[in-house]
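Each ligand, and each atom within it, is numbered from 1 in the order the structure gives.
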Amino acid sequence: MKILIVDDDIIDREAMKRAIMGSTIETIIFEANTVQAALDCIEKHAFDVVLLDYNLPTSSGIELLVNLKSKSIDPSVAIVMVSISTDDTIALKCIKAGAQDFLVKTEINSFRLQRAMVNAQARADLERNLLSSYQRTKILAEHDSLTGLTNRYYFDETLNRESHSHLRNNDKLALLLIDLDHFKFVNDNYGHDIGDQLLIEVTKRVKSVLRTNELLSRLGGDEFGITIINILSPSAAIRVAQRILFQLNTPFQIENYNINITASIGISVFPDDSNNDKELLKFADIAMYRAKELGRNQFRFFESQMQDEFLSKYLLENKLKNAIVEQQFFLEYQPLVCPQTTSIIGVEALIRLTVDNELIRPDLFIPIAEQSHLIFEIGEWVLKTSIEQLSIWKEKNTSPITMAINLSSKQLADKELPSIIEKYTNLYNVSPSLIDLELTETALLTDLEDTKKVIGELKKLGCKVSLDDFGTGYSSISHLHNFPIDTVKIDRTLMPSASKSLKLERLLSGLVVLLKTINVNIIAEGVETEEDYFTCRGLQVDAIQGYFIHMPMSAEGIETCFF
Ligand code: C2E
Ligand code: CA
Ligand code: CA
C-alpha cells in the first residue's frame with residue numbers, strides 16, 4: 001500500500017509512521033509537510049491512501065482535500081483526515097468535503113489506523129464505482145446511440161434552462177426543428193441499415209455548419225433540433241437553416257446508392273414568439289409543418305396566424321375521426337346523362353359530411369383527410385358504399401349505369417387499392433367494368449412508379465379510369481399518352497357560362513376535337529346553363545354532368561328522377 005502522510009508537524013508524522021509500521025500491511029510511505037509539497041507528490045505517484053492533517057499552515061487540510069476532489073485525482077485514492085481536535089463537527093465537515101474517514105491524532109494506534117485505511121479504501125472504491133455508473137447512465141440517458149448526438153431529453157432540459165437564463169439577460173434564442181423529407185421512403189426502399197447510415201451522414205453535414213453556441217440534438221426518428229443561444233436577431237437562424245438546406249443539396253453516397261434527401265425546417269424565436277419553452281417547441285413544429293405543406297426543402301418562421309390555421313385543422317381532423325366512428329358520412333350522386341337523349345348513363349358519387357347540422361364541404365375536409373391518412377378509411381367507406389349502391393340499382397334498373405368514384409392521390413399510390421375494390425365488387429356481385437375511377441392530375445404526379453403499377457392493376461381488374469378536372473392545373477397531354485385513361489372530364493371552368501370568352505369557347509371545341517382523335521371518352525362537367533348544354537350537345541361529347549341536368553342528390557332522388 002502506498003501511503004502519503006501530509007502533516008507540518010514532524011512529531012505527528014513520526015507517530016503516524018510508527019503506527020503504520022506496526023500494522024500488518026506492507027507499505028511504502030511518503031511524507032509532505034506543506035500543501036504544495038503534497039500536491040507535487042500526488043502528481044508524481046499513485047497513492048492508495050493519503051493521511052491528511054486538518055490543520056496545515058498557509059492553506060488548510062480541508063482546502064487541500066476540496067482541491068484534490070475537484071481536480072478529480074484518481075478517485076480511488078482514499079483520504080483519511082487526522083486532527084488533534086475531537087470536535088465532531090470538524091469530522092463531519094471533512095467527510096462532507098469528500099474524506100473517507102476521520103481520526104483523532106491522540107487516538108491513533110496501529111490497529112485503528114490500519115482499520116481506517118482499509119475501510120477508507122473500500123469506501124473510495126465504492127464511490128468510484130458509483131460515480132462511473134452514474135456517468136455511464138447519464139451519457140446513456142442524454143445521448144442518442146446512433147448519431148452520438150444529445151437526445152430529446154437533453155434537448156428539452158437545455159431549452160428549459162436556457163429559456164430561463166435568457167429571460168434574465170434579455171437575449172434571444174432561436175429554435176430550429178428539422179425533419180427530413182420522405183425519410184420513410186429511404187427506409188422502405190433501401191432498408192433500415194441504409195436509413196441509419198443516412199442519419200449518421202446527415203448529422204455530420206448538419207454539424208459542420210454549426211458554431212459552438214448552436215446545440216444539435218436528435219429528437220427521434222428523422223427529427224433534429226437546434227437551439228441557438230445568445231443571439232441579437234433571428235438572422236442567425238436563417239443563416240443556419242440556409243446552410244443546412246444547402247449541405248443536403250449534394251446527394252449522399254451510401255454503400256452503392258446515391259440518395260437524395262431534403263429537409264423541412266421550422267423556426268421559432270424566444271421571446272418574440274413565446275417565452276415558454278414548451279410553447280416554443282410547439283410553434284417551431286407548426287412552422288415545420290407549414291414548410292412541408294409549402295412543398296418541403298425549405299424553412300419557415302412561425303407566424304401567429306399559423307396557430308389559428310393549425311388549430312382549425314386540428315379540430316377538423318378530430319371531427320373527421322369522430323365522423324368515421326359515428327358514421328356521419330353519406331354519399332350524394334350526381335347524374336351523368338347522354339346529351340342527345342338526356343337519359344342516365346351513370347352517376348358520380350360525392351361524399352358529404354354534416355356535423356351538428358352544418359355541412360362541411362369535401363373541398364375542405366378531403367385535403368385534411370389526405371394529410372392525416374384518414375383518407376384511407378374514408379376512401380374505403382366511399383368505395384364500399386357506392387359499390388353496394390350500384391348492386392341495389394342493378395336490381396331496380398333495366399339498363400346498367402356506371403358509378404364514378406373519386407380517388408385521392410394517396411389511395412392511388414396504395415398497393416392495396418386494387419384488392420380492396422376487388423373485395424367489394426365480389427361481395428356485392430358488381431362488374432368492375434361499371435366502376436369509373438376518377439383521378440386528378442396531381443394524383444398522376446405523385447409516387448409515379450407505385451401509381452403506374454396500381455393503375456395497371458385496376459385496369460386488369462376491369463375498372464375504367466377517368467382523368468378529372470381536365471383543363472385546370474397541368475393538363476399535360478402526355479398523361480393521356482402515359483396512362484391508360486378511358487375518359488377525360490373537361491373541367492367546368494371551360495364551359496361557356498363560366499369562361500365568358502370567345503377564346504376559351506374555342507379552346508373547348510378544339511380540345512374536344514383533339515380528344516376525339518385519340519379516342520378517349522369525353523364528359524363535360526359543370527354544365528350549368530342551357531347554353532352550356534347546347535354547346536356540349538353540338539360538340540357531341542359522350543356525357544354531360546352539371547346543375548343544368550341535376551344537382552348531386554340522394555340515391556332515392558336518382559331513382560325518382562331517372563329510373
Ligand atoms: P369534383 O370531382 O370535380 O366533383 C364535382 C364537383 O362539382 C362537386 O362538388 C359537384 O357538386 C360540383 N358540381 C357539379 N355540377 C356542378 C355545376 O354545374 N356547377 C358547379 N359550380 N359545380 C358543380 P363537391 O361535391 O363539393 O366536391 C368537390 C370535390 O371534392 C370534388 O370535385 C372532388 O374532388 C372531391 N370529392 C368529393 N367526393 C369525394 C370522394 O368521395 N373522394 C375524394 N377523394 N374526393 C371527393
Ligand atoms: Ca370527380
Ligand atoms: Ca371534376
Quick one: do the Thr472 and Asp469 side chains pair a donor with an acceptor below 3.5 Å? no

Would you check if there is a donor-acceptor pair between the side chains of Thr493 and Asp491 at a distance under 3.5 Å? yes

So [Y] and [X], do their side chains get closer than 4.5 Å, heavy atoms only?
X: Gln334; Y: His550; result: no
X: Phe329; Y: Ile324; result: yes
X: Arg352; Y: Pro362; result: yes

So Leu320 and Phe365, side chain to side chain contact (heavy atoms under 4.5 Å, CB included) or not? Walk me through it. CA-CA 8 Å; Leu320 292 181; Phe365 71 77; 3.8 Å; yes

Exercise check, heavy-atom protein proximity under 4.0 Å to atom 32 (O) of ligand 1: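 There is no protein heavy atom less than 4.0 Å from atom 32 (O) of ligand 1.
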
Counting only heavy atoms on the protein side, is anything nearer than 4.0 Å to atom 9 (O) of ligand 1?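 Flag for atom 9 (O) of ligand 1 set to false, no protein heavy atom closer than 4.0 Å.
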
Does any N or O in the side chain of Glu223 come within less than 3.5 Å of the main-chain N or O of Gly220, such that one atom is a donor and the other an acceptor? no

May I ask you to decide if Ile360's main-chain N or O and Lys319's side chain share a donor-acceptor pair within less than 3.5 Å?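 It does not hold such a pair.
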
Part of [X] within contact of ligand 1 (heavy atoms, under 4.0 Å):
X: Arg352; result: side chain
X: Leu331; result: neither
X: Glu525; result: side chain
X: Asn406; result: both
X: Arg492; result: side chain

Using a 3.5 Å cut-off on N or O atoms only, is Ile351 in polar contact with ligand 1? yes

Glu348-ligand 1 polar pair, N/O distance under 3.5 Å: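 By distance alone, the answer is yes.
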
Taking only Lys NZ, Arg NE, NH1 and NH2, and the carboxylate oxygens of Asp or Glu, determine whether [X] and [Y] approach each other closer than 4.0 Å.
X: Lys410; Y: Glu370; answer: no
X: Glu416; Y: Lys423; answer: no
X: Arg205; Y: Glu201; answer: no
X: Asp532; Y: Arg492; answer: no
X: Glu214; Y: Arg239; answer: yes
X: Glu303; Y: Arg290; answer: no
X: Asp156; Y: Arg152; answer: yes

Per-atom contacts of ligand 1 with [X], taking only distances under 4.0 Å to non-hydrogen atoms:
X: Val382; value: 41 (O)
X: Asp469; value: 3 (O)
X: Asp363; value: 28 (C), 29 (C), 30 (O)
X: Ser408; value: 44 (N)
X: Ile366; value: 43 (C), 45 (N)
X: Pro362; value: 24 (P), 25 (O), 26 (O), 27 (O), 28 (C), 30 (O), 37 (C)
X: Gly546; value: 15 (N), 18 (O)
X: Gln334; value: 14 (C), 15 (N)

Assess whether side chain to side chain contact (heavy atoms under 4.5 Å, CB included) is satisfied between Ile387 and Met403, documenting all intermediate values. CA-CA 8 Å; Ile387 294 173; Met403 177 67 72; 6.0 Å; no

Restricting to N, O or S, what is the name of the atom of Glu348 that lies nearest the Ca ion (ligand 2)?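 The nearest such atom is OE2.
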
Distance from [atom] to nearest protein heavy atom, with residue and atom:
atom: atom 11 (O) of ligand 1; result: Pro552 CG, 3.4 Å
atom: atom 19 (N) of ligand 1; result: Glu528 OE2, 2.5 Å
atom: atom 37 (C) of ligand 1; result: Leu350 CD2, 3.7 Å
atom: atom 16 (C) of ligand 1; result: Tyr547 CE2, 3.2 Å

Before you tell me yes or no, could you show the steps for Phe562 and Trp393 under ring pair (Phe, Tyr, Trp, His ring centres under 6.0 Å), namely the whole-Å CA-CA distance, both residues' side-chain angles and the distance that decides it to 0.1 Å? CA-CA 11 Å; Phe562 291 93; Trp393 282 338; over 10 Å; no

Below 3.0 Å of the Ca ion (ligand 3), tally up the protein N/O/S atoms for me. 4

All pairs passing ring pair (Phe, Tyr, Trp, His ring centres under 6.0 Å) where residues 421-442 contributes a residue, at least two apart: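 Every pair satisfying ring pair (Phe, Tyr, Trp, His ring centres under 6.0 Å) with a residue in residues 421-442: there are none.
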
Can you tell me if Ser466 has an N, O or S atom under 3.0 Å away from the Ca ion (ligand 2)? no

Does Met495 reach ligand 1, in the sense of a heavy atom lying below 4.0 Å from it? no

